[in-house]
Amino acid sequence: MEKEHLKLIKMNGNKINNVSEYWKYMDYDVSSFKISWNTKESQMFLEDKTSDFICSYILLTYKYGILLPHNITELTNLKQVVNEINVKSDSIDSSIWKKFNYLYDYNNNLLYHSLLFVQKEKNEKIFAEKIVNADLLLTYEDILNMNDNFYAEPTTILFFKNYFFLTFNADTFFDELSNDNSDVIIDNSETAYLNTPRFNSFLRDFIILCFEYGATDFEFDDLEYENISEQGILFDNGIVYYEDIYDSLPEEHKYRPFKEIQVELDATNYKRYMENKHEIK
């Protein structure tokens, strides 16, 4: 999608000044992404490279402000911190899946938060907050103070024996909102423009990273919404990545770690996988 076209987007929904108050928890199946390691060889390779993989993953979360870890906030000496995860708690074993749970573990739950640009009634300006619950607009600081539930996370990631499962618990990233918080379609494009491209870039780079470390398969389950695709969430019927729009954003709406944090990725395995997948089809 061309930058010139992005500036001319016209939405069909109603424009309001407190659009984030209309984000809604989705308590039914939605589209999801699954990245798997389906062979013993691939699993052993990932296990052997666990620290390198987790370090790159953490950098990606901070680069895009998506799925920020709860238990690792310091990016200096990251390799040393990740290597020491095993000795910080007896509950952490050598399994990479246990180590990932450590990143998000909080009071026997998995705590996910992402940096989102929001627009609240008390402040018509769009500003950034670390959101845990997008339905109630609970921030990371709110949760730490009130120990409330973590439902309606903007996006979640779960770790199983040999795969990651990434999905959404709220409609935060959609450019239009159609839920029972309103009897009309709400134009969510201004906040989605600042949030959705970052998610799409994060998703793309995360999948590439997984294949760099031995992933064997990627599945997209189109369960509910037409505006979610294998490449991410559609914006104005197309996929927009953060690098497409970053330079054109006003200074107050730029997520600066995107430029400050560099992550080296090798897309060779992912490109080979996609080429083979299309040949089979």
Which of Tyr62, Tyr241, Tyr242, Phe202 passes ring pair (Phe, Tyr, Trp, His ring centres under 6.0 Å) with Phe258? It is Tyr242
Taking all non-hydrogen atoms of both residues into account, name the closest pair between Leu103 and Ile85 and its distance.
CD2-CD1, 4.4 Å
Residues two or more places apart in sequence or in another chain: which of them pass side chain to side chain contact (heavy atoms under 4.5 Å, CB included) with Lys79?
Ser51, Asp52, Cys55, Asn83
Test log, rule side-chain contact (heavy atoms from CB on, under 4.5 Å), inputs Ser20 and Leu137
CA-CA 8 Å; Ser20 301; Leu137 288 180; 4.1 Å; yes
Going by the angle between their ring planes, with limits at 30° and 60°, are Phe53 and Tyr213 parallel, tilted or perpendicular?
perpendicular
Might you work through the salt bridge (Lys or Arg N to Asp or Glu O under 4.0 Å) test for Glu190 and Lys15, ending with a clear yes or no?
CA-CA 9 Å; Glu190 283 192 63; Lys15 186 71 186 80; 3.1 Å; yes
Measure from the side-chain N and O atoms of Asn109 to the backbone N and O of Asn107, and report whether any donor-acceptor pair falls under 3.5 Å.
yes
What do you reckon, are the aromatic ring centroids of His70 and Tyr104 less than 6.0 Å apart?
no
For Met44, does its backbone N or O pair with a side-chain atom of Asp48 as donor and acceptor, under 3.5 Å?
no
Show the nearest heavy-atom pair for residues Cys210 and Phe164, with the distance to one decimal.
SG-CD1, 4.2 Å
Report yes or no: do Tyr112 and Asn169 form a side-chain donor-acceptor pair below 3.5 Å?
no
Should we count NZ of Lys254 as having more than 12 external heavy atoms under 6.0 Å?
yes
Under 6.0 Å between ring centres: does that hold for Tyr246 and Tyr255?
no
Please lay out, stage by stage, how Tyr273 and Asp217 fare under the test side chain to side chain donor-acceptor pair (under 3.5 Å).
CA-CA 8 Å; Tyr273 167 79; Asp217 196 21; 2.5 Å; yes
More than 12 heavy atoms of other residues, nucleotides or ligands under 6.0 Å from NZ of Lys120: is that the case?
yes
Could you walk me through whether Leu234 and Ser229 pass side-chain contact (heavy atoms from CB on, under 4.5 Å), step by step?
CA-CA 7 Å; Leu234 302 182; Ser229 74; 4.0 Å; yes
Salt bridge flag under 4.0 Å for residues Arg204 and Glu243:
yes
Is a side-chain donor or acceptor of Thr196 paired with a backbone partner of Tyr193 at a separation under 3.5 angstrom?
no
Scanning both residues in full, the closest heavy-atom pair of Leu78 with Ile72 reads CD1-CG2, 3.9 Å
Stepwise side chain to side chain donor-acceptor pair (under 3.5 Å) test for Asn71 and Asp105
CA-CA 7 Å; Asn71 285 320; Asp105 182 67; 5.0 Å; no
Taking Asp175 for its side chain and Asn188 for its backbone only, find out whether a donor-acceptor pair lies under 3.5 Å.
no
If only atom types and distance count, is the side chain of Asn18 paired as donor or acceptor with the main-chain N or O of Glu21 below 3.5 Å?
no
Considering residues at least two apart in sequence or located in another chain, which fulfil the side-chain hydrogen bond (donor to acceptor under 3.5 Å, both in side chains) criterion with Ser42?
Thr39
Test: Lys34 cationic atom under 6.0 Å from Tyr163 six-membered ring centre, within 45° of axis
yes
Are the aromatic rings of Phe127 and His253 close, with centres under 6.0 Å apart?
no
side-chain contact (heavy atoms from CB on, under 4.5 Å) between Leu111 and Val132, intermediate numbers included
CA-CA 8 Å; Leu111 172 59; Val132 174; 3.7 Å; yes
Decide if atom CD of Glu264 counts as having more than 12 heavy atoms of other residues, nucleotides or ligands within a radius under 6.0 Å.
no
Listed partners of Gln80 passing side chain to side chain contact (heavy atoms under 4.5 Å, CB included), at least two apart
Asn77, Glu84
Hey, does the side chain of Arg198 reach the backbone of Tyr64 with a donor-acceptor pair shorter than 3.5 angstrom?
yes
Any donor-acceptor pair under 3.5 Å from Thr61 side chain to Leu68 backbone
no
Surrounding CD of Glu226 (heavy atoms of other residues, nucleotides or ligands, distance under 6.0 Å), is the total greater than 12?
no
Taking the side chain from Ser36 and the backbone from Asn38, do they hold a donor-acceptor pair closer than 3.5 Å?
no
Is it the case that atom NZ in Lys271 sees more than 12 heavy atoms from other parts of the structure closer than 6.0 Å?
no
Counting only heavy atoms not in Phe165, do more than 12 sit closer than 6.0 Å to its CZ atom?
yes
Smallest separation among heavy atoms of Glu212 and Leu265, with atom names
OE1-CA, 3.7 Å
With no hydrogens and no angle check, just 3.5 Å: does a side-chain donor-acceptor pair link Asn179 and Trp23?
no
